[in-house]
Amino acid sequence: MADCITCKNKNCLINKNSTDPRLADFLKNKHTIKCKKSQQFIMEGTPAHGLFFAYEGKVKVVKTGVNDREQIVRFAKDGEIIGHRGGFGSSKYYSISAQALEDSTLCYFSKEDLKNILLNIPKLTFDFMLFYADELSESETRVRKLAQMSVRERVIDTLLFMDRKFGSTDQLLNIRLSRKDYADYSGTTEEQVIRILSTLKKEGLLNAKGRKLGILDFETLQNEISKHTYSPNS
DNA sequence: CCATTAAGAGTGT
DNA sequence: ACACTCTTAATGG
């Protein structure tokens, strides 16, 4: 596989700093992991040895709650980090699980290597800090939405989010999720999601080809949740 | 390629 | 939430 310097994922924090000569040895220690669809590669509560980056593919990050109810915490695509703390911080264990949503390729760095470069390359550390700050901000916005939006609003918000994150082609979202996944991200049950999706279809706001969903009327959907999205963060 | 089966979607209660 | 039906995807010959 391509090395970090020539990597296509220009948004990756490692790629952005890959020309720094001090990174050369570190980059040699990168591992590449192939992951089949549905394969879980981080298990919550398991000792953390490092940090993953999605090289290619899509991943969901999940936190398990009571009665095995799952909450999808975030999604990751090309160039993005999975397992934010990766064991180089205070906790020795992963606080989340991660599962591939499609066949994916992951890059992996050990926590020792990571610690080393974070302590020695300020620019990279600064980029990480900015990234974490943005993530925290987004996470805060999500807390508010989960608390204040109605179920229907949360489902709509999730649909719009999927379009922003993964894009659409031919009026179909470029991601394939089960209704359960939509529920686990929106903080509802599968049945609720199914019902809301089918009413959205009847209202002509949503499109479905097979299992794929497509947004037909962005404006109406946007308007319906606009009172929650006046703030700078989506 | 088609048939069988498993997984997921949808609906009524 | 559960039970049931219908649809779609996966498997294997």
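Convention: sequence-line order gives letters A, B, ...; per-chain numbering from 1. In what follows, every heavy atom counts, from backbone to side chain, and hydrogens, waters and symmetry copies are set aside.
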Next item on the list: Assign a letter to each nucleotide of nucleotides 4-13 of chain B from its 5' end: B, base within under 4.0 Å of a protein heavy atom; S, sugar-phosphate only; -, no contact.
Entry: ----SSBBBB
Notebook entry, point to check: Between the axis at one end of the helix from B:dC1-C:dG13 to B:dT13-C:dA1 and the axis at the other (five pairs apiece), what's the angle to 10 degrees?
Noted result: 10°
Next item on the list: Mind jotting down which residue pairs meet the salt bridge (Lys or Arg N to Asp or Glu O under 4.0 Å) criterion with at least one end in residues 209-222 of chain A? Sequence neighbours excluded, please.
Entry: none
Checklist line | Inter- and intrachain pairs under ring-ring contact (aromatic ring centres under 6.0 Å, His included), touching residues 183-224 of chain A, at least two apart | finding: A:Phe75-A:Tyr185, A:Phe161-A:Tyr185
Note to self: Going by side chain to side chain contact (heavy atoms under 4.5 Å, CB included), name the residues that satisfy it together with A:Asn11, two or more places apart in sequence or in a different chain.
What the structure shows: A:Asn9, A:Glu80
Next item on the list: Could I get the full list of side chain to side chain contact (heavy atoms under 4.5 Å, CB included) partners for A:Asp103, not counting sequence neighbours?
Entry: A:Lys36, A:Lys37
Next item on the list: Tell me who clusters with A:Leu130, hydrophobic residues only, linked when side chains sit under 4.5 Å apart either directly or through other members.
Entry: A:Phe126, A:Met129
Margin query: Whole angstroms only, please: what is the CG-P distance between A:Leu101 and C:dA9?
Written below: 17 Å
Notebook entry, point to check: Is there any ring-ring contact (aromatic ring centres under 6.0 Å, His included) pair reaching into residues 190-216 of chain A, and which pairs are they, with sequence neighbours excluded?
Noted result: none
Just list the side-chain donor-acceptor pairs under 3.5 Å for residues 192-202 of chain A, sequence neighbours left out, or say none.
{"residue": "A:Ser198", "atom": "OG", "partner": "A:Ile194", "partner atom": "O", "Å": "3.4"}
{"residue": "A:Ser198", "atom": "OG", "partner": "A:Arg195", "partner atom": "O", "Å": "3.1"}
{"residue": "A:Thr199", "atom": "OG1", "partner": "A:Ile196", "partner atom": "O", "Å": "2.9"}

Note to self: Could you tell me if the side chain of A:Ile225 sits less than 4.5 Å from the side chain of A:Met149, heavy atoms only?
What the structure shows: yes
